[in-house]
Number of protein chains: 2
Amino acid sequence: MANIDIKFIAKKSGCSIATVSRVINRSKPVSEKLQKRVVDTIRKYNYNPSVHAQYLAGKKSKLFGFIMTNYINQYQLLLFRYLNEFACKMGYGCIIRYCNSGFEEKLEALRELEIRGIEVCFSLFLPSREEEAYIKEHFRIKVCHMQSPEMRLNIMEKNESSVYETICYLAQLGHRRIGGIFCIDEMDDSFLIARKRGFLRAVKQMQLDQEESLIGQIHGDYEKSSLISVIEKIFVPQKLPTALFCFSDEVAIEVMSWIMKHGYRIPEDVSVVSFDGIPFSERITPSLSTISQPVEYQAKSIINGMLYLQDGVERPCDEKENEYLLQIRDSVGIPGHYEK
Amino acid sequence: MANIDIKFIAKKSGCSIATVSRVINRSKPVSEKLQKRVVDTIRKYNYNPSVHAQYLAGKKSKLFGFIMTNYINQYQLLLFRYLNEFACKMGYGCIIRYCNSGFEEKLEALRELEIRGIEVCFSLFLPSREEEAYIKEHFRIKVCHMQSPEMRLNIMEKNESSVYETICYLAQLGHRRIGGIFCIDEMDDSFLIARKRGFLRAVKQMQLDQEESLIGQIHGDYEKSSLISVIEKIFVPQKLPTALFCFSDEVAIEVMSWIMKHGYRIPEDVSVVSFDGIPFSERITPSLSTISQPVEYQAKSIINGMLYLQDGVERPCDEKENEYLLQIRDSVGIPGHYEK
DNA sequence: TTGTATGCGTTATCAG
DNA sequence: CTGATAACGCATACAA
């Protein structure tokens, strides 16, 4: 059987390839009769135009690139799942590339994407100002990320304020001594740092204990041992915190297993709250209280941003859905409210 | 500035585009001098041939497709990271598509991949015989999966035997009452089922307690509540098992948090062992004993299989690396060996 | 060893 | 409204 291409369809429909093309792209009017005939044969032979030929003939690539960090967490995974879903819905394919954090390696990844004719890519890495400038100078491909203005995620403010409110809530429950585990980021001004800012602001505002020993910091790709030293720094026997905030659910889960293994009860002795709202957070026992991110909104908003970078058309998102929701579950309780 | 295409490079190198093409593809000998000149200008202008044009001119697509289940776990994520790495090393890009388990949706995903000129794709879903036949009949794209013979993973046997050996090991430690949580699969003969077979064989062989209440089954996309009923079925107060096997690390982590929350100690009261060897398994407290899969080998072997499907060239893998290793960590102990 | 010319499947321009 | 045809960037058969 012959290859099913535009020529084949044209012959079977008794018209020229130009007409078939017009039917496919709705680029120029075609008489109803002919239109129907063409559509029918396309259906009949299950014809699909070759994207490669389309691209060569001047069309855009319909392919988005995604650069993933090697230290991916479940939140990022979930985000990507939605990104994939929305990209598909808009007719775009997703080409993915894992990458270590070295700048050279990121450039290599960009090069690969560029070769494949991709024009817009999303990176889970937050680039520094210099990196961003370098890329703009040397690449045709447009790179965006969580903090790019086109994404309209308002992510810094949302992170700061949701943590602030969470800590205030704990204070209102009666917690006066709240520990916090945060992420050190290479970027001066990332949304991860914003979480710490929100925490500190609430501590000050609510006049909670401000001891330095209540705060721990670890890197994004921390070792288990360094997390444990942070926990041990915070959990000093005579002066335990009654609550603990962790910058991510995964860290919280590690911490909770440590706490329970060491004979403390959650939430009777310590309440735990974290950030992200990954599905796993409600599966463990006790279920983890967490600030759940609007992943679906974020994904939609990012894809809209990428489409904008691709074709210049703005697609507004409903800002109201951009809500960070504190999910109170079993890991949070009232201090001093249980028998010893 | 003109577009940097093969014509541009040809002009700058003072030769024809045919020669440039030959240098790029090493398809025919080119004199050393000319070769060098061409290579230099390619470098100088950072020229990259258009994959679309190459494809159109008869070359293969250099793109692999991957169909991911929506209920992805960390093991699958890790596997995909390595798949991505090895595919990149071989000059292939990875286009990814998440998908629910409905057959229609899988077909839609395949269609999308096929349109993009992809010839080989890997699916995390295990297709039934009928599904496989249907796809072969209706699609040009070749679909492979964990149990495809071309992948040479020997996965059924490896799963069965590694679980068998693990349970024997526990028996030798003195465990006589071992619980097991397994996955119900729609496929009659999947590697997930093989894990249960290995368990049952060992129980029989070592003459361990065979009560039906020691065994629980859940679906791949189980709810938390159904896991908890399974746990409660196994953890009957007067006749606790001294050890528990879980078919995946993620299930084990959920189970462990339940166990600790309910006042049992790990491993003093119950030992826990599971399957996969995801990084998170050693991060929790106590660290989780698990049968770690040779993810890196598997990924390499899968990519080799996909390359074989693409170009017919066999690339042998070192079978010795296909080893499932029981990692004994803190979650395993000797029964009756601790003070109450 | 090198160059010329054709074709790959599509879109877009220009005539009819 | 429709059809012929020139691009698009590359590989390759054929000619030199």
Side-chain angles (χ1 to χ4, degrees), chain A residues 1-39 41-42 45-63 91 93 114-119 140 311, chain B residues 1-42 45-63 91 114-119 140 311:
Chain A
M1 187 163 80
N3 251 350
I4 298 178
D5 55 16
I6 198 171
K7 226 183 299 182
F8 178 88
I9 298 296
K11 197 179 289 174
K12 289 288 178 188
S13 318
C15 66
S16 73
I17 62 168
T19 305
V20 177
S21 175
R22 286 194 273 259
V23 170
I24 293 171
N25 301 298
R26 295 179 182 74
S27 48
K28 279 198 177 176
V30 173
S31 75
E32 239 177 82
K33 261 168 95 177
L34 229 187
Q35 166 122 3
K36 185 175 163 12
R37 227 165 41 201
V38 172
V39 169
T41 46
I42 286 181
Y45 292 98
N46 190 26
Y47 160 68
N48 290 308
S50 152
V51 279
H52 298 291
Q54 289 183 320
Y55 182 86
L56 211 56
K59 285 230 160 175
K60 303 263 173 161
S61 78
K62 290 278 181 185
L63 221 46
E114 196 161 281
I115 288 177
R116 299 212 149 75
I118 292 171
E119 287 157 11
R140 189 166 23 81
D311 62 16
Chain B
M1 188 162 80
N3 252 350
I4 298 180
D5 55 16
I6 198 171
K7 225 182 302 180
F8 179 88
I9 298 295
K11 195 178 292 173
K12 289 288 179 187
S13 318
C15 66
S16 73
I17 62 167
T19 304
V20 177
S21 174
R22 286 193 274 259
V23 170
I24 293 170
N25 302 298
R26 295 178 182 76
S27 48
K28 280 199 175 175
V30 174
S31 74
E32 237 176 83
K33 260 169 98 179
L34 230 188
Q35 166 121 4
K36 184 170 165 13
R37 227 165 42 202
V38 171
V39 168
D40 284 349
T41 46
I42 287 181
Y45 291 98
N46 190 26
Y47 161 66
N48 291 308
S50 151
V51 280
H52 300 291
Q54 288 182 321
Y55 181 85
L56 213 55
K59 283 233 161 173
K60 304 266 173 158
S61 77
K62 290 279 182 182
L63 221 47
E114 196 161 282
I115 289 177
R116 299 213 149 75
I118 291 171
E119 288 157 11
R140 189 166 25 80
D311 62 15

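For the numbers below, each heavy atom of this structure counts, side chains included, while hydrogens, waters and symmetry mates do not. Letters A, B, ... are given to chains in the order of the sequence lines, protein chains preceding strands, and every chain is numbered from 1. Just so it is clear, the model here is predicted, and its values are computed rather than measured.
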K.L.:
Quick check for you: to the nearest 0.5 Å, what is the distance between A/Tyr47 atom OH and A/Ile4 atom CD1?
P.N.:
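Going from OH on A/Tyr47 over to CD1 on A/Ile4, the span is 10.0 Å.
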
K.L.:
With the side chain counted from C-beta on, respond yes when B/Val30 and B/Val38 share a heavy-atom pair under 4.5 Å apart, and no when they do not.
P.N.:
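No, side chains not in contact.
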
K.L.:
Hey, what do you get for OH (B/Tyr55) to CZ (B/Arg116), rounding to the nearest 0.5 Å?
P.N.:
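Here the rounded value is 12.5 Å.
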
K.L.:
Taking only residues two or more places apart in sequence or in another chain, which ones pass salt bridge (charged side-chain N to carboxylate O under 4.0 Å, His left out) with A/Lys36?
P.N.:
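Scan of A/Lys36 (salt bridge (charged side-chain N to carboxylate O under 4.0 Å, His left out), adjacent residues dropped) gives A/Asp40.
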
K.L.:
Sub-3.5 Å donor-acceptor pair from the side chain of B/Ser61 to the main-chain atoms of B/Leu63, do we have one?
P.N.:
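Checked: pair present.
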
K.L.:
Using five pairs at each end of the helix from C/dT1-D/dA16 to C/dG16-D/dC1 to define an axis, what is the angle between those two axes, to 10°?
P.N.:
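Answer for the end axes of this duplex: 40°.
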
K.L.:
Determine the minimum heavy-atom distance between A/Ser27 and A/Ser21, stating which atoms define it.
P.N.:
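Where A/Ser27 meets A/Ser21 most closely, the heavy atoms are OG-O, 4.4 Å.
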
K.L.:
Could you grab the distance from atom OG1 of B/Thr41 to atom CG of B/Asn46, nearest 0.5 Å is fine?
P.N.:
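It is 12.0 Å, given to the nearest 0.5 Å.
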
K.L.:
Look only at the side chain of A/Asn3 and the backbone of A/Asp5, and say whether a donor-acceptor pair between them is shorter than 3.5 Å.
P.N.:
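Here the side-chain-to-backbone pair does not exist.
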
K.L.:
What are the 5'-most and 3'-most nucleotides of DNA chain D lying under 4.0 Å from any heavy atom of chain A?
P.N.:
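The footprint of chain A covers D/dC1 to D/dG9.
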
K.L.:
Rounded to the nearest 0.5 Å, how far apart are CD1 of B/Ile9 and CZ of B/Arg37?
P.N.:
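Result: 13.0 Å between the selected atoms.
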
K.L.:
Report the distance from atom CD of B/Gln35 to atom CZ of B/Arg22, rounding to the nearest 0.5 Å.
P.N.:
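Rounded to the nearest 0.5 Å, the CD-CZ separation comes to 11.5 Å.
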
K.L.:
A side-chain contact here means heavy atoms from C-beta on lying under 4.5 Å apart; do A/Val20 and A/Cys15 qualify?
P.N.:
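Yes, at least one pair of side-chain atoms sits under 4.5 Å.
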
K.L.:
Using the six-membered ring wherever Trp is involved, compare the ring planes of B/His52 and A/His52 and label them parallel, tilted or perpendicular (cut-offs 30° and 60°).
P.N.:
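It falls in the tilted class, 30° to 60°.
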
K.L.:
Can you pull out the residues from residues 25-35 of chain B that lie within a 4.0 Å heavy-atom distance of DNA chain C?
P.N.:
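Residues of residues 25-35 of chain B that come under 4.0 Å of DNA chain C are, in numerical order, B/Pro29, B/Val30, B/Ser31, B/Leu34.
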
K.L.:
When you list every nucleotide of DNA chain C with an atom under 4.0 Å from a heavy atom of chain A, which one comes first 5' to 3', and which comes last?
P.N.:
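Going 5' to 3' along DNA chain C, contacts run C/dG9 to C/dC14.
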
K.L.:
Of all of residues 14-24 of chain B, which get a heavy atom below 4.0 angstrom from DNA chain C, listed by number?
P.N.:
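When residues 14-24 of chain B is checked for heavy atoms under 4.0 Å from DNA chain C, the hits, listed by number, are B/Cys15, B/Ser16, B/Ala18, B/Thr19, B/Arg22.
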
K.L.:
Would you name the heavy atoms of A/Ser50 and A/Ala53 that are closest together and state the gap between them?
P.N.:
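Nearest pair, atom of A/Ser50 first, then A/Ala53: OG-N, 3.1 Å.
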
K.L.:
To the nearest 0.5 angstrom, please state how far the CD atom of B/Gln54 sits from the CG atom of A/Leu56.
P.N.:
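Answer for the CD-CG pair, B/Gln54 versus A/Leu56, is 11.0 Å.
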
K.L.:
B/Ile115 and A/Pro49: which non-hydrogen atoms are nearest, and at how many Å?
P.N.:
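Closest pair (atom of B/Ile115, atom of A/Pro49, distance): CG2-O, 4.1 Å.
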
